[in-house]
Q: 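My questions will all concern the structure given below.
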Amino acid sequence: MTLHETAAPAAASAYQKSVAEYWNQEKNPVNLRLGAVDGFYHHHYGIGEVDWSVLEGPEETREERIVAELHRLECAQADLLVDHLGPLGPGDRVLDSGCGRGGSSFLVHERTGCQVDGISISERQVAFANEQAEQRGVTGKVQFHLKNMLDTGFETGGFQAIWNNESTMYVDLSVLFPEYARLLKRGGRYVTITGCYNNAYGLPSRAVSEINAHYICDIHSRSSYFKEMSANRLVPVSVVDLTRDTIPYWELRARSPLATGIEDAFLTAYKDGSFQYLLIAADLV
Ligand code: GPP
Ligand code: MG
């Protein structure tokens, strides 16, 4: 592996330190209980129709059924993202930027056999994900690093694909995309699934601001993605509005014992049109 380690710490600014601290402390059952279903620990939301029958049946196993159903919807979201990464094989290297506990990285490796590097500014997430890699026997094929996605120190042109699964709202896109234009091979693929505020509607609504405060993030406008991509040789090949597909996940989560308190803000923002859940896939030209 060729790495040019950066001298700067992964979390350099006061803002980045507060984000790292949030994720170092985070132990939400809605993430840990879902991950324990099959060992894919995700930090993103779900898509697809809910099987509402999970709320019926024996009371003692109700929570277990809800956990499995929320996890199924989150896995469907990850599968959709991987579907957009383009053809990948064991000879390819890919980057999971903002990897969380590594769920998407392991899925990509399992589906394609490619070498995966995941990066996070949270020491705990990186340690958790590397522990998972060891348990799965894929150390050396799937590796996690304490790194800042704005300044990774990885070699130029080494990656066939890069993705952000709900992590671009923690960084300035005008700094992020030049780094991706450097890291990707020419013709390589970038995919993001993200929540963005709908600036056809106006500035961020109160519900969007609540989401920002909850996660210490800064949700970008829809147009900023396209503006910053086109400024950095990233040409969209697919744009999928997943807003309608993610609402059922939030409806079920709001009615589950694993709700964290942010469910109503998501439902309000998605339903009033001020917020959109988008997949954007782009090629580096
Ligand atoms: C979910 O992580 C994603 C984020 C925190 C980034 C914000 C995403 C937006 C679309 C605005 P998680 O799975 O750790 O969150 P939770 O604990 O709420 O399930
Ligand atoms: Mg979650």
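Values reported hereafter were calculated over all heavy atoms of this structure, with side chains retained and with hydrogens, waters and symmetry mates removed. First listed ligand is number 1; within each ligand, the first listed atom is number 1. Note that this is a predicted model, so its numbers are computed, not measured.
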Q: With heavy atoms of W23 as the reference, note each atom of ligand 1 found under 4.0 Å away.
A: 2 (O), 5 (C), 14 (O)

Q: Looking only at protein heavy atoms, identify the closest one to atom 18 (O) of ligand 1 and say how far it is in Å.
A: Y215 OH, 2.5 Å

Q: Quick one: is the NZ or CZ of R136 closer than 6.0 Å to the six-membered ring centre of F40, and within 45° of its axis?
A: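 Geometry flag: set, cation within 6.0 Å and 45°.
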
Q: Quick check on K185: does its NZ atom have over 12 non-hydrogen neighbours (other residues, nucleotides or ligands) under 6.0 Å away?
A: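 Counting neighbours around NZ of K185, more than 12 heavy atoms of other residues, nucleotides or ligands fall under 6.0 Å, so yes.
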
Q: Which residue owns the protein heavy atom closest to atom 4 (C) of ligand 1, what's the atom, and how far is it?
A: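 Result: Y45 OH, 3.7 Å.
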
Q: With only distance considered, is T194 within less than 3.5 Å of ligand 1 through an N or O on each side?
A: no

Q: Roughly how far, to the nearest 0.5 Å, is the CE atom of M229 from the OG atom of S224?
A: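 Between atom OG of S224 and atom CE of M229 there are 9.5 Å.
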
Q: Does T246 use its side chain to pair, donor to acceptor, with the backbone of G46 at less than 3.5 Å?
A: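 Side chain of T246 to backbone of G46: a pair is present.
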
Q: Going by distance only, is there an N or O of N31 that falls short of 3.5 Å from an N or O of ligand 1?
A: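 In this structure, N31 places an N or O atom under 3.5 Å from an N or O of ligand 1.
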
Q: Nearest 0.5 angstrom please: R101 CZ to Q125 CD, how far?
A: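 Separation between the atoms: 6.0 Å.
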
Q: What part of R253 sits under 4.0 Å from ligand 1 if we count only heavy atoms: the side chain, the backbone, both or neither?
A: side chain

Q: Taking 2.8 Å as the cut-off, does Y45 contribute an N, O or S atom near the Mg ion (ligand 2), distance below it?
A: no

Q: Starting from atom 11 (C) of ligand 1, locate the nearest protein heavy atom and write down its residue, its atom name and how far away it is, to 0.1 Å.
A: I219 CD1, 3.7 Å

Q: Would you mind listing which atoms of ligand 1 come within a distance below 4.0 Å of any non-hydrogen atom of G195?
A: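 In order of number, 10 (C).
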
Q: Are Y170 and M149 close enough that some pair of their side-chain heavy atoms sits under 4.5 Å apart?
A: no

Q: Which residue owns the protein heavy atom closest to atom 3 (C) of ligand 1, what's the atom, and how far is it?
A: E166 OE1, 3.1 Å

Q: I need the atoms of ligand 1 closer than 4.0 Å to a non-hydrogen atom of V30, numbered in the order shown.
A: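 So the atoms of ligand 1 that pass are 17 (O), 19 (O).
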
Q: Do R206 and E210 sit within salt-bridge range, that is, some charged N less than 4.0 Å from a carboxylate O?
A: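 The answer is yes: the pair qualifies as a salt bridge.
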
Q: Does this structure show an ion pair linking R72 with D79, if we count only N-O contacts that are shorter than 4.0 Å?
A: no

Q: Which heavy atom of the protein is the closest neighbour of atom 14 (O) of ligand 1, given with residue, atom name and distance?
A: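 Going by distance alone, atom 14 (O) of ligand 1 is nearest to H43 ND1, 2.6 Å.
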
Q: What protein heavy atom sits nearest atom 9 (C) of ligand 1, and how far off is it?
A: M169 CE, 3.6 Å

Q: Relative to the ring of W23, is the ring of Y215 parallel (under 30°), tilted (30 to 60°) or perpendicular (over 60°)?
A: parallel

Q: Under 4.0 Å, heavy-atom basis, I'd like to know which part of H44 is in contact with ligand 1: side chain, backbone, both or neither.
A: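 Looking at H44 and ligand 1, just backbone atoms fall under 4.0 Å.
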
